[in-house]
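Lettering follows sequence order; numbering is per chain, from 1. These numbers come from a predicted model, not from an experiment.
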2 protein chains.
Amino acid sequence: MGLQNTLRALADPIRREILSLLKAGPMSAGDICSHFTVTAAAVSRHLSVLREADLIRDHREGKFIYYELNTSVLEEIMLWITELKGDKDDA
Amino acid sequence: MGLQNTLRALADPIRREILSLLKAGPMSAGDICSHFTVTAAAVSRHLSVLREADLIRDHREGKFIYYELNTSVLEEIMLWITELKGDKDDA
DNA sequence: TTAACAATTAACTTAATTGTTAATTGTACT
DNA sequence: AGTACAATTAACAATTAAGTTAATTGTTAA
């Protein structure tokens with residue numbers, strides 16, 4: 001379910017924007033929300049989709065839940081695309 | 001609309017399988033259909049999504065419409081992922 | 001022109017996704 | 001305990017997506 005989950009998670013502009021935000025470093029759910037016009041509940045569900053895809057990790061610190069980027073699962077996409085593009089290694 | 005269209009198109013297992021089939025070379029719609037259990041109409045719609053994303057190109061030869069892979073739009077995804085992974089060029 | 005075939009488009013159904021508001025969970029503080 | 005705050009989950013409405021069958025568009029050949 002890895003590649004499917006990852007690509008599905010990336011196929012939404014808000015979720016991609018969340019990932020871009022997290023590029024700068026870990027951020028609380030509230031801080032992430034403040035960058036969007038949709039409600040906190042909507043953002044929270046986007047976060048859970050990203051978490052299911054293992055594109056982000058979370059940990060609680062007191063009242064806050066911090067999210068951080070996990071780019072390791074993106075390797076699988078890179079690999080898939082590279083293979084599709086023709087295995088130029090064989091050339 | 002480029003990246004969004006591309007990722008949305010890739011976020012479906014049948015569409016990814018179609019692209020993988022086309023890796024071997026151009027193929028008619030009928031040949032593509034024969035690899036799947038869904039109806040020809042369903043495959044045709046998948047093909048149109050892939051075409052809108054410019055992941056495939058088509059041309060008619062007599063009764064047949066041949067599809068072939070276009071991997072150039074995948075560069076955009078590679079770039080986006082690379083940027084997300086941290087712009088290691090700056091290191 | 002008519003028949004036959006390849007493929008797409010149309011109309012419709014069902015399932016999944018996205019968003020909202022309201023209720024719930026978890027933590028800190030007095 | 002009780003209040004306040006951060007964040008998630010639940011329940012529902014609306015949109016989008018994917019599948020089916022039936023009808024339509026192109027093309028070839030009799």
Could you note down all residue pairs passing salt bridge (charged side-chain N to carboxylate O under 4.0 Å, His left out) where [range] supplies at least one of them, sequence neighbours left out?
range: residues 28-40 of chain B; answer: none
range: residues 59-77 of chain B; answer: A:Lys85-B:Glu75
range: residues 43-56 of chain A; answer: A:Arg51-A:Asp58, A:Asp54-A:Arg57

Other cluster members, [X] - Ile/Leu/Val/Met/Phe/Trp/Tyr, side-chain contacts below 4.5 Å:
X: B:Val49; value: none
X: B:Leu79; value: none
X: B:Tyr66; value: B:Phe64

Grab the [atom1]-[atom2] distance between [X] and [N] for me, whole Å please.
X: A:Ile32; N: D:dA7; atom1: CD1; atom2: C1'; answer: 11 Å
X: A:Glu17; N: C:dT18; atom1: CD; atom2: C1'; answer: 17 Å
X: B:Ile65; N: C:dA7; atom1: CD1; atom2: P; answer: 7 Å
X: B:Met27; N: C:dA6; atom1: CE; atom2: C1'; answer: 16 Å

B:Arg8 side chain near D:dT16 phosphate (N/O to OP1/OP2, under 4.0 Å): no
Side-chain N or O of B:Ser28 closer than 4.0 Å to phosphate OP1/OP2 of C:dA7: yes
Could you work out, with side chain to side chain donor-acceptor pair (under 3.5 Å) as the rule, every residue matching [X], not counting sequence neighbours?
X: B:Thr37; result: none
X: B:Arg15; result: B:His46
X: A:Arg16; result: B:Gln4

Backbone N/O of B:Ala40 and side chain of B:Ser44: donor-acceptor pair under 3.5 Å: no
5'-most by nearest nucleotide on DNA chain C - A:Ala11 or B:Tyr66: B:Tyr66
Sorted by number, the residues of residues 47-63 of chain B with heavy-atom contact under 4.0 Å to DNA chain D: B:Arg60, B:Gly62, B:Lys63
Bracket string, DNA chain D, 5' to 3' - pairs by Watson-Crick or G-U geometry under 3.5 Å, | interstrand: ||||||||||||||||||||||||||||||
Short heteroatom pairs, N/O only, protein and nucleotides 19-24 of chain C, under 3.5 Å:
| residue | atom | partner | partner atom | Å |
| --- | --- | --- | --- | --- |
| C:dG19 | OP2 | A:His46 | NE2 | 2.4 |
| C:dG19 | N7 | A:Arg45 | NH2 | 2.7 |
| C:dT20 | OP2 | A:Thr39 | N | 2.9 |
| C:dT20 | OP2 | A:Thr39 | OG1 | 2.9 |

Non-hydrogen side-chain atoms of B:Leu55 and B:Leu10 separated by less than 4.5 Å: yes
Candidates D:dA18, D:dT8, C:dT8 - which lies nearest the side chain of B:Ala29: C:dT8
